[in-house]
Amino acid sequence: MTHQTLSASIETCHWGYFDATLVPAMTIESGDEITIDTISGGPQNLPSSGFQVPPELLELHAAGVPAMPGHILTGPVAVSGALPGDVLQVDILEVSLRQDWGFNFFGPLKGTLPNDFPNQHQTIIPLDAKRGIATLPWGLELELSPFFGVMGVAPPPAWGRISTIEPRVHGGNLDNKELIAGTTLYLPVFAEGALFSCGDGHGAQGDGEVCVTAIETALRGRFRLTVLKDKGLSYPQAETKTHYITMGMAPDLEVCVEMALRDMITLVSQRAGISAEDAYMLCSLAGDLRITQTVNREKGVHMMMAKHLIDGF
């Protein structure tokens, strides 16, 4: 196993899109670790003087803002041996802040209540990495729990270039606050090398991300990327130290629920060695459905099941 580092720069960042034809910014071997630096926000999201602004963010702004809004992603990282039909295991080993501020932004026609707030509203939020807190304007100290809102592989090549905003089968803008350091994300592979990218750093976020943004900030992540040849996964899943997570993304929350539930029934049935009927019952008795986000056009729901209820049963 080796360890590589991928810095954020004009050469290594792509802004607003996923695309299976992107040239890899770096290639690593399956099972290797990589540290990836990310940046976040457009020129309109910058703070006043007195905060740390990554110079590469300013360089990217100077190169031109894309016509279609979206997230700034670092990558893609190709993993040797990954082929369509495989699964990329993304072990999230460490996540840390790269700057001392974040921003929250919303405006008209956005968010879960698009017609309720007619004016643009931005807040610069000071972040204290040492204390692990964000200070909100009225003095509330909010505990930080940093994670990457966007982690994804290249989409199916036939899709062409797609926006980073909608989460889909390739992952992308999942906005799942469970995916902190110590968790693992599993992504179906659609292109040679998998082509993993990440960004959209969040300092903290509630389930739903209701106003359209979290505490948006620059993060550094350390990942282990491993190609799985026999996982047989057709949609993103994840696991924490204590829970398995299935996901559903669609414009309709009811469809999201059905997607996450069906995948959890399959997972529970296989891992516990019980019938689908019994797995369905256990999902009703002990599974937890949570709204991941309601703001990315393709909404999200995830279902969580405690590992101790099904492993080794």
Could you pull out all donor-acceptor pairs under 3.5 Å where a side-chain atom in residues 84-93 meets a protein atom, sequence neighbours excluded?
unit_1, atom_1, unit_2, atom_2, d
D86, OD2, L83, N, 2.8
D86, OD2, K229, NZ, 2.6
Q89, NE2, D91, OD1, 3.2
Q89, NE2, D91, OD2, 2.9
D91, OD1, T184, OG1, 2.7
D91, OD2, R224, NH1, 3.3

Next item on the list: Share the residues that join V53 in a hydrophobic cluster, the rule being Ile, Leu, Val, Met, Phe, Trp or Tyr side chains under 4.5 Å apart at the heavy-atom level.
Entry: I10, W15, I39, L46, F51, L57, L58, L60, V65, I72, W101, F103, F105, I124
Margin query: If the condition is side-chain hydrogen bond (donor to acceptor under 3.5 Å, both in side chains), which residues does T183 pass it with, not counting sequence neighbours?
Written below: none
Notebook entry, point to check: Can you tell which of F190, Y235, F196, F18 makes a ring pair (Phe, Tyr, Trp, His ring centres under 6.0 Å) with H170?
Noted result: F18
Notebook entry, point to check: Is there a donor in the side chain of E59 and an acceptor in the side chain of S9, or the other way round, less than 3.5 Å apart?
Noted result: no
Check: For M281, which fellow cluster members are found when Ile, Leu, Val, Met, Phe, Trp and Tyr are connected by side-chain heavy-atom distances below 4.5 angstrom, either directly or through intermediates?
Finding: L285
Checklist line | Hydrophobic cluster identity match, F223 and L228, side-chain contacts under 4.5 Å | finding: no
Item checked: From L73 atom CG to H14 atom NE2, the distance as rounded to the nearest 0.5 Å -> 4.5 Å
Using a 3.5 Å cut-off and no angle test, enumerate the donor-acceptor pairs between side-chain atoms of residues 298-306 and protein atoms at least two apart in sequence or in another chain.
unit_1, atom_1, unit_2, atom_2, d
E298, OE2, R168, NH1, 3.4
K299, NZ, P251, O, 3.4
H302, ND1, T292, OG1, 2.8

Item checked: Taking every non-hydrogen atom, the tightest pair across A260 and L289 -> CB-CD2, 4.5 Å
Checklist line | Residues that K231 engages under side-chain hydrogen bond (donor to acceptor under 3.5 Å, both in side chains), provided they are two or more places apart | finding: none
Notebook entry, point to check: What pairs meet the side-chain hydrogen bond (donor to acceptor under 3.5 Å, both in side chains) rule with one or both residues in residues 124-135, with sequence neighbours excluded?
Noted result: R131-E141
Check: Do you know which two heavy atoms are closest between S234 and V169, and how far apart they sit?
Finding: O-CG2, 3.2 Å
Next item on the list: For L195 and P24, work out which heavy atoms get closest and say how close.
Entry: CD2-CG, 3.8 Å
Margin query: Please tell me whether H202 and D200 have a donor and an acceptor in their side chains that are separated by less than 3.5 angstrom.
Written below: yes
Checklist line | Where at least one partner belongs to residues 258-268, residue pairs that pass side-chain hydrogen bond (donor to acceptor under 3.5 Å, both in side chains), sequence neighbours excluded | finding: none
Item checked: Pairwise side-chain hydrogen bond (donor to acceptor under 3.5 Å, both in side chains) hits with a residue in residues 43-55, at least two apart -> N45-Q122
Item checked: Set of side-chain hydrogen bond (donor to acceptor under 3.5 Å, both in side chains) partners for Y186, sequence neighbours left out -> E239
Next item on the list: Not counting sequence neighbours, which residues clear side-chain hydrogen bond (donor to acceptor under 3.5 Å, both in side chains) with Q293? List them please.
Entry: N296
Enumerate, atom names and distances included, each donor-acceptor pair closer than 3.5 Å involving a side-chain atom of residues 143-166, sequence neighbours excluded.
unit_1, atom_1, unit_2, atom_2, d
R161, NE, D19, OD2, 3.1
R161, NH2, D19, OD2, 3.4
S163, OG, I165, N, 3.0
T164, OG1, H71, N, 2.8
T164, OG1, H71, ND1, 2.7
E166, OE2, R297, NE, 2.6
E166, OE2, R297, NH2, 2.8

Notebook entry, point to check: Are M264 and L187 connected in the hydrophobic side-chain network, where two residues link if heavy atoms are under 4.5 Å apart?
Noted result: no
